[in-house]
*Asks:* 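Have a look at the structure that comes next, please.
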There are 2 protein chains.
Amino acid sequence: MNVGEVAALAGVTVRTLHHYDRIGLLRPSGRTSAGYRRYAPADLDRLHQVLLYRELGFPLEEVAALLDDPSADPAEHLRRQHRLLRDRLERTQAMVAAVEKEMEARDMGIDLTPEERFEVFGEHDPERYEAEVRERWGETDAHAESKRRTAAYAKEDWLRIKAEGEDLEARFAAALADGAPADSERAMDLAEEHRQHIGRNFYDCPPEMHAGLGRMYVEDERFTAHYERIAPGLARYVGTAVEANAARQG
Amino acid sequence: MNVGEVAALAGVTVRTLHHYDRIGLLRPSGRTSAGYRRYAPADLDRLHQVLLYRELGFPLEEVAALLDDPSADPAEHLRRQHRLLRDRLERTQAMVAAVEKEMEARDMGIDLTPEERFEVFGEHDPERYEAEVRERWGETDAHAESKRRTAAYAKEDWLRIKAEGEDLEARFAAALADGAPADSERAMDLAEEHRQHIGRNFYDCPPEMHAGLGRMYVEDERFTAHYERIAPGLARYVGTAVEANAARQG
DNA sequence: GTGCGGCCTGACGTCGCGTCAGGGTCAAGC
DNA sequence: GCTTGACCCTGACGCGACGTCAGGCCGCAC
């Protein structure tokens with residue numbers, strides 16, 4: 001294979017392969033008489049390793065050192081890559097959770113502290129992760145146009161969403177006042193409504209994720225305070241109902 | 001707060017904040033009489049948004065455009081960030097799965113095709129080069145290549161791991177031959193041994209992940225073929241045993 | 001008043017490529 | 001055999017997002 005084909009296969013540019021050749025990171029194992037680079041299967045293997053380590057944030061020089069280390073066999077690379085990927089997975093999960101928490105906080109008018117918001121960034125030191133940009137904006141005009149429209153919707157929607165949320169909270173409080181147990185059908189149905197409320201207005205929220213939110217309502221004092229202001233004991237009541245509903249679904 | 005404190009809080013360098021000031025991405029809302037930058041809470045909020053979008057791979061110029069768009073409210077940013085983070089989560093999970101698959105493949109002497117390995121990297125057209133690649137270095141060639149490398153790296157550990165794996169497979173085959181059901185204690189115990197074999201030699205493999213591997217044995221024809229060569233029906237047998245064991249643990 | 005750490009503004013360096021410019025190569029079709 | 005257009009080559013410069021000095025000003029403790 002020559003450069004163009006390898007580039008297309010691996011999803012990189014020809015220039016990138018030139019660069020890797022120049023710096024000695026990946027030299028094609030042959031050249032034609034006219035000087036064309038010719039890549040063999042083993043070169044593709046190496047390229048694959050390079051791209052994995054690159055994606056994991058290693059500088060190219062370090063990638064070369066790792067791959068040229070004669071005392072490291074392929075299995076060791078796989079183990080290391082696996083470990084790093086799982087670290088990254090955890091970190092991304094933490095960030096997703098943080099964003100969800102902030103959405104909930106906004107919905108309830110709670111303020112998070114700056115330290116708390118930066119928390120998820122702080123531990124992020126050992127390796128740099130680079131994310132690929134999936135989203136590409138098209139024409140600026142069309143984009144601005146759509147933005148303006150969605151913004152118009154957003155205002156109305158926001159009020160509706162908030163009203164819905166408050167309505168739900170009121171019905172939770174009523175159920176509590178009526179003495180309906182937190183794991184009763186009535187309470188679980190309200191929890192399910194809450195879950196679908198989130199799904200419709202914010203993000204897809206499967207039962208398991210919803211259960212996580214439920215625990216947060218009990219554990220985070222600001223969310224607890226929000227519910228307690230409506231009715232004493234409501235935080236734990238909602239939390240229990242949400243978990244019971246999640247168990248019923250699973 | 002002045003630069004150093006903000007930098008420490010957010011986990012960036014002072015130079016980065018200087019840079020963001022210079023390019024107009026984040027100007028501190030005040031200066032002391034001596035010219036010291038003074039950051040207000042609102043500046044921290046903005047910095048937080050900047051870092052999130054940066055982490056998601058946006059160039060700084062685009063980040064500025066997003067944040068300065070007057071028609072985009074904070075909730076919209078949160079929704080976008082949430083969506084992008086979940087995309088990333090999925091992608092990372094796919095990469096983890098790919099690495100695990102490759103480890104398993106190595107353990108069994110199966111080789112993956114180049115385009116398969118590059119699959120996770122991009123949105124490349126799978127149809128385009130597949131035929132050509134297969135034609136040029138078809139299965140026998142690539143297989144020989146893989147064998148050569150495995151042989152070159154063969155160490156005592158590797159031989160031991162492989163022997164252990166083959167021993168397990170033989171005992172699975174014996175259980176199948178004896179007519180022990182795939183969800184019998186005998187089969188599940190073997191599955192558990194298999195899980196711990198992976199944990200000792202490759203990576204930590206909780207039951208849930210192990211169940212995923214079990215499904216792969218049945219769904220991926222090369223893994224299926226590997227087991228079927230040992231005994232007919234063994235692929236599905238092992239897959240079922242692994243899933244039953246995972247269910248028993250959970 | 002004298003350190004000493006923190007802050008300031010240039011200004012140049014680095015990494016991983018993108019992007020021409022100027023020119024050779026190759027297989028196809030006429 | 002000749003043209004054509006896609007593909008390849010080697011410089012060489014540019015760029016984004018900072019890192020890293022250099023030279024000098026604050027501010028507070030001792």
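Just so we're on the same page: letters track the sequence lines, and every chain starts at 1.
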*Asks:* Measure the spacing between CZ of A:R46 and CG of A:L44 and express it to the nearest 0.5 Å.
*Replies:*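 Here the rounded value is 13.0 Å.
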
*Asks:* Please report the distance, rounded to the nearest Å, between CG in B:L17 and P in D:dG19.
*Replies:*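 So the CG-P distance, B:L17 to D:dG19, works out to 10 Å.
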
*Asks:* Look only at the side chain of A:D43 and the backbone of A:A40, and say whether a donor-acceptor pair between them is shorter than 3.5 Å.
*Replies:*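 Here the side-chain-to-backbone pair exists.
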
*Asks:* Let me know which of B:H77, B:H48, B:H82 forms a side-chain contact (heavy atoms from CB on, under 4.5 Å) with A:E102.
*Replies:*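 Going through B:H77, B:H48, B:H82 one by one, the side-chain contact (heavy atoms from CB on, under 4.5 Å) with A:E102 is satisfied by B:H48 alone.
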
*Asks:* Could you state the CZ-P distance from A:F58 to C:dG16, rounded to the nearest angstrom?
*Replies:*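 These atoms are roughly 13 Å apart.
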
*Asks:* In this structure, how many angstroms lie between the C1' atom of C:dC26 and the CG atom of A:N2, rounded?
*Replies:*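 Spelled out: CG on A:N2 to C1' on C:dC26 is 11 Å.
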
*Asks:* Can you find a side chain N or O atom of A:T13 that sits less than 4.0 Å from OP1 or OP2 on C:dC17?
*Replies:*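 For C:dC17, neither OP1 nor OP2 has a side-chain N or O of A:T13 closer than 4.0 Å.
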
*Asks:* What's the closest nucleotide to the A:V3 side chain, out of D:dC9, C:dG10, C:dC17?
*Replies:*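 Of the options given, the side chain of A:V3 lies nearest D:dC9.
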
*Asks:* What is the distance, to the nearest angstrom, from the CE atom on B:M1 to the P atom on C:dC7?
*Replies:*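 That distance rounds to 11 Å.
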
*Asks:* Could you list by number each residue of residues 25-39 of chain B showing a heavy-atom separation from DNA chain C of less than 4.0 Å, or answer none if no residue does?
*Replies:*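 Listed by number, they are B:R31, B:G35, B:Y36, B:R37.
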
*Asks:* Which is more 5' along DNA chain C, the nucleotide nearest B:G4 or the one nearest B:R22? Just name the residue.
*Replies:*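 The residue whose closest nucleotide sits nearer the 5' end is B:G4.
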
*Asks:* Give the rounded distance in Å between these two atoms: CD of A:E62 and C1' of C:dG16.
*Replies:*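 Answer to the nearest Å: 15 Å.
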
*Asks:* Quick check: do B:L84 and B:F58 have side-chain heavy atoms less than 4.5 Å from each other?
*Replies:*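 They are in side-chain contact.
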
*Asks:* Going by the side-chain contact (heavy atoms from CB on, under 4.5 Å) test, name the single residue among A:L17, A:N2, A:L47 that passes it with A:Y39.
*Replies:*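 Testing A:Y39 for a side-chain contact (heavy atoms from CB on, under 4.5 Å) against A:L17, A:N2, A:L47 leaves exactly one candidate, A:L17.
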
*Asks:* Is the shortest side-chain N/O distance from B:H18 to OP1 or OP2 of C:dC8 below 4.0 Å?
*Replies:*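 Yes, B:H18 has a side-chain N/O under 4.0 Å of OP1/OP2 on C:dC8.
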
*Asks:* Reading DNA chain D from 5' onward, which residue's closest nucleotide shows up sooner: B:E61 or B:R15?
*Replies:*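 Nearest nucleotide further toward 5': that of B:E61.
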
*Asks:* Rounded to whole angstroms, how far apart are CG on A:D21 and P on D:dG11?
*Replies:*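 In whole Å, D:dG11 P and A:D21 CG are 12 Å from each other.
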
*Asks:* Check every strand shown and say whether B:L60 touches a base, only sugar-phosphate, or nothing at a heavy-atom separation below 4.0 Å.
*Replies:*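 The residue B:L60 makes sugar-phosphate contact but no base contact.
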
*Asks:* Give a yes/no on whether any side-chain N or O of A:Y20 is located under 4.0 angstrom from OP1 or OP2 of C:dC17.
*Replies:*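 Answer yes for this pair, as a side-chain N or O of A:Y20 is under 4.0 Å from OP1 or OP2.
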
*Asks:* Check the distance between C:dC15's C1' and A:R54's CZ and give it to me in whole angstrom.
*Replies:*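 Value for this atom pair: 13 Å.
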
*Asks:* Just to verify, which of B:Q49, B:E55, B:R86 counts as forming a side chain to side chain donor-acceptor pair (under 3.5 Å) with B:Q81?
*Replies:*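 With B:Q81 as partner, side chain to side chain donor-acceptor pair (under 3.5 Å) holds for just one option, B:Q49.
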
*Asks:* So does A:R88 get a backbone contact from the side chain of A:T92, meaning a donor-acceptor N/O pair under 3.5 Å?
*Replies:*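 Present.
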
*Asks:* Atom CD of A:E5 to atom C1' of D:dC8: distance rounded to whole Å?
*Replies:*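 The distance from CD of A:E5 to C1' of D:dC8 comes to 12 Å, rounded to the nearest Å.
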
